[in-house]
Amino acid sequence: MWLHQVQCHAEESCPVALSELCLAQVCLSLDSLCRTQPDGSLRLSWAPLLPQEMADQLLHKMAAQGTLNDRTVGIFRSCEQLRLRRACVRSSPLSAEAFRLALCPHRLQELDASGVPGGLTGAHILSGLASNPECRASLQRLTLSRLQLGWTSLEVKEEQVGFSSLQGLRTLNLANTDLTDPFLEDICTLPKLEVLDISSTPVTELSALLGCRLTLRSLTAHGLRQLDMSPARVISILSQLHALRHLDLSDDRFVSGDEAVRLLLEGGSGILPALVSLDVSGRKKVTEGAVTAFVEGRRGLLFLGLLATGAGSCDVLSGNNNLKVAGEANEKQICESLRRYRERECFTREALVHLYQLTNDMYDQTRPDILKLVLGGMQNYSESLHVQLVASACVFNLTNQDMAVGMPHPLLSAVVHQVLEAMRSFPSHQQLQKNCLLVLCSDTILQDVPFDRFEAAKLVMNWLSGHVDRTLQRMAVAVISILVAKLSTEQTTQLGADIFIMKQLLGIVQQKAMAGVVDSTLKFALSALWNLTDETPTASRHFIQCQGLELRLMNMVPGLSVVQNNIAEVEELQADMMQEDLLEHVVTLLQGPQVEVGVSYFAGGILAHLTSRQDAWTLDQGLRQTILEQLHAAILTWALPEREMVSYRSFRPFFSLLQTSQPAGVQLWAVWAMHLVCTQNGVQYCHMLQVEGAVELLKTLSSDLDTHSNVRGMAESILGMVECHQTTSNPLRTQTEKGHHGRS
């Protein structure tokens, strides 16, 4: 059974069709699905007779994903199983031989070979298509834009072959090619030609168009800069195209007026009276009066392109609900410009500039429709600094503060992907990097939207290394802190393995320490360090190598003691922490009126881990005994904090501290820590105790006759909480009851 893609009204939030997922998987699995031929090309080892539409979609997907090349296109030589009708090889590196063998045997109706690199020319394509008698008659649409046509080789080798050999052709796009006047004459002999795009070509004469004056319905002649005709002659030729309905005379040079355009606009309804679409965007000094006269003389007009003309504010434009206008006068015109000019970089940039000005005043409006248009511009021109710069500014305006909350997450995910691509493509452009950082600094994006957080953390960290602006530094460190907290253990390990990142974060901590400043930047940096070193020995070693132990900041904020507590958990690094002055400093933080309980707690964790292994203790044994006594006494004075102070991924680092052979001070710190988190979040941590086997350790500790009474009492209290949560999680209770008892 074949599944067809379901149409979705809200495209941004529509789940990907199963057929799309299957095609994507096939593209990724071609090596395992195919056998290699002697010439290096692939053939499917086995293939059913696919529906023709699905073969087209597979080719298109391969081109879109960048997997289509001389080797992989070989699967389409099996014309019986994979029958192509609408072929797209856009921007795919194909040789003339691979194209001829794989695509020309098919009875194609449409072919898009725009922007194909790798030596394939328009001459090769035309020759290959014309070699198939069926293609000569069946091909209706051909797109060769942004392609070297290679007419010289065509004239020498294929004297009898021209566009006129494709007698069924109705639509031809040769924009941004080296089309010349003789071949335009050949094209205009096609008996069924209806749509022609010759934009940005070196043609000098349009008289050949008279050859298709009875069939040509749409002419796109954008940016014909080598045209050598008088304005009156141009209008004379155009006025004889009796079937013409759509005309594009726009120019992205933003030229200061054009006599031919003026003659057309002011010439009255006798010139091209049947036009329903006219584009003159970029033609400066088009007057409002001329536009008004043109529109009033053509009541059937459906589209008018006026971007960068200054004439988009005519009253006549606002009074016609059927008329769509691409311009900059209002939101509707700007959005139409972004839709219409997806393949014209200069117009896209111009529209985005006006959109940025418009979105500066969009407060508390969630506009996924506009954000989607901006995303399209970013995707189409990912290598254009100018487009990425203004588009990223628009994205920030559209997702700032609470505006991102109502956006579909798939749309935001795609936007963030493009933002990261921009950061990667233009690492040295400060304003672009700033724009992208501002976009990322969103609670909704950082917390809820799926994207490559590992890659984002690396990009932001790299940016941070070259900038000292305090506001941006604070945002960057905050972003890094949140990103690192959401990485998997494997990703955290990989990120922590980069000593450069550790140096950057510790450099910020050192900077704040020397200035005696405790601010959000410092706290975010310490939070990132904690997540990087948590259960990651490599990052912990880098912390030591970067002189992290030399910092004496623990009495200022609890963050650094958290990090050093992580270091102390790593047995092979404990020897590096056997520094008498360091331990004496940590002891001073165990209690006192000026010391927060959070600082004391993590200081106690450092001491508990370091004193738990008597055989590894390299300092004076008397010092160890003193520390254990002071640790025990201090813990008894700690009051439970009102707010959540710490979170744990696992209790396993505590297991060695809960052994019956451990000193009472070490055991007491471990059970106090467990008691703290179980009190504050019983649902999560009581379950964790059971799953990881910590309950058995606590029972053993509680029943051991040598266990100190303080430790036993705390252990029994934890076991009581576990039992209580087991009872309240009874499935007979309602969800409301479970929620009520979820936190002690």
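- Side chains of Q388 and S392: a donor-acceptor N/O pair is absent below 3.5 angstrom, by distance only.
- Between H675 and L640, some side-chain heavy-atom pair lies under the 4.5 Å cut-off.
- We find the CD-CD1 distance between Q504 and I480 to be 8.5 Å, quoted to the nearest 0.5 Å.
- Here the side chains of L583 and L610 are in contact, with some heavy-atom distance below 4.5 Å.
- Just one residue in the list T536, T533, N531 forms a side-chain hydrogen bond (donor to acceptor under 3.5 Å, both in side chains) with N566, and that residue is T533.
- How far CG of L701 is from CD of E696: 12.5 Å, rounded to the nearest 0.5 Å.
- Checked by atom type and distance alone, the side chain of Q659 never pairs as donor or acceptor with a backbone atom of S656 at under 3.5 Å.
- When side chains are defined from C-beta on, Q667 does not count as touching L657, because their heavy atoms never get closer than 4.5 Å.
- Checked by atom type and distance alone, the side chain of T493 pairs as donor or acceptor with a backbone atom of T489 at under 3.5 Å.
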side-chain contact (heavy atoms from CB on, under 4.5 Å) assessment of H386 paired with V390: CA-CA 7 Å; H386 298 297; V390 66; over 6 Å; no
side-chain contact (heavy atoms from CB on, under 4.5 Å) between F454 and Q494, intermediate numbers included: CA-CA 9 Å; F454 177 66; Q494 189 176 348; 3.5 Å; yes
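- In this structure, K434 places its NZ atom where only 12 or fewer heavy-atom neighbours from other residues, nucleotides or ligands lie under 6.0 Å away.
- Within the 4.5 Å cutoff, no side-chain heavy atoms of H708 are placed close to those of L668.
- Side-chain contact annotation: N710 with H632, donor-acceptor N/O pair under 3.5 Å present.
- Although no hydrogens or angles enter the test, the distance criterion places a donor-acceptor pair under 3.5 Å between the side chain of T492 and the main chain of S488.
- Scanning both residues, P427 and Q433, for their nearest heavy atoms gives CA-NE2, 3.5 Å.
- Counting heavy atoms from C-beta on, the side chains of Q614 and Q621 come closer than 4.5 Å.
- Under the 3.5 Å distance criterion, the side-chain polar atoms of N397 are left unmatched by any main-chain donor or acceptor of M362.
- Salt-bridge formation is not detected for the pair R541/E572: no Lys NZ or Arg NE/NH1/NH2 atom is positioned less than 4.0 Å from an Asp or Glu carboxylate oxygen.
- Atom CE in M721 sits 12.0 Å away from atom CD in E716 (nearest 0.5 Å).
- W669 and F654 have their aromatic ring centers within a separation under 6.0 angstrom.
- Qualifying side-chain hydrogen bond (donor to acceptor under 3.5 Å, both in side chains) partners for S709, counting only residues two or more places apart in sequence or in other chains: none.
- The backbone N or O of Y356 sits less than 3.5 Å from a side-chain atom of T359, completing a donor-acceptor pair.
- Formation of a donor-acceptor pair under 3.5 Å by the Q680 side chain with backbone atoms of P641 is found in this model.
- Smallest separation of non-hydrogen atoms from C546 and K503: SG-CG, 3.5 Å.
- Applying the side-chain hydrogen bond (donor to acceptor under 3.5 Å, both in side chains) criterion to K61, with sequence neighbours excluded, gives E20.
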Verdict with reasoning, L590 to L607, per side-chain contact (heavy atoms from CB on, under 4.5 Å): CA-CA 10 Å; L590 285 175; L607 298 174; 3.7 Å; yes
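- In terms of heavy atoms, F426 sits closest to S382 at CE1-O, 3.9 Å.
- Under the 4.5 Å side-chain criterion, counting only non-hydrogen atoms from C-beta, D620 is not in contact with E580.
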Step-by-step side-chain contact (heavy atoms from CB on, under 4.5 Å) determination, L446 to K486: CA-CA 9 Å; L446 290 174; K486 288 186 168 291; 6.0 Å; no
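- The shortest distance between side-chain heavy atoms of L573 and F543 does not fall below 4.5 Å.
- How far OG of S442 is from CD of Q447: 9.5 Å, rounded to the nearest 0.5 Å.
- Across every non-hydrogen atom of V671 and I718, the tightest pair is O-CD1, 3.3 Å.
- Formation of a donor-acceptor pair under 3.5 Å by the D704 side chain with backbone atoms of T700 is not found in this model.
- In this structure, CE on M423 lies 13.5 Å from NE2 on H429, to the nearest 0.5 angstrom.
- With hydrogens and angles disregarded, no donor-acceptor distance shorter than 3.5 Å links the side chain of R474 to the backbone of T521.
- In this structure, V595 and L589 approach most closely via the heavy-atom pair CG1-O, 3.4 Å.
- Between C394 atom SG and L375 atom CG the span is 12.5 Å, to the nearest 0.5 Å.
- A pairwise comparison of heavy atoms in V646 and Y685 identifies O-OH, 4.3 Å as the closest pair.
- Not one N or O on the side chain of R453 forms a donor-acceptor pair closer than 3.5 Å with the backbone of L487.
- Within a 6.0 Å sphere centred on CG of D443, other residues, nucleotides and ligands contribute 12 heavy atoms or fewer.
- In summary, the side chains of E383 and S425 do not present any donor paired with an acceptor at a separation below 3.5 Å, with no hydrogens or angles considered.
- Two residues are said to be in side-chain contact when any heavy atoms from C-beta on lie closer than 4.5 Å; H725 and H687 fail this criterion.
- By the neighbour-count criterion of 12 heavy atoms within 6.0 Å, atom CD of Q431 is densely surrounded, having more than that number from other residues, nucleotides or ligands.
- When atom types are taken as modelled, the side chain of S612 and the backbone of H609 share a donor-acceptor pair closer than 3.5 angstrom.
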Derivation of the side chain to side chain donor-acceptor pair (under 3.5 Å) call for Q591 and S600: CA-CA 6 Å; Q591 59 183 349; S600 298; over 6 Å; no
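- Under the side-chain hydrogen bond (donor to acceptor under 3.5 Å, both in side chains) criterion, D519 pairs with K512, sequence neighbours left out.
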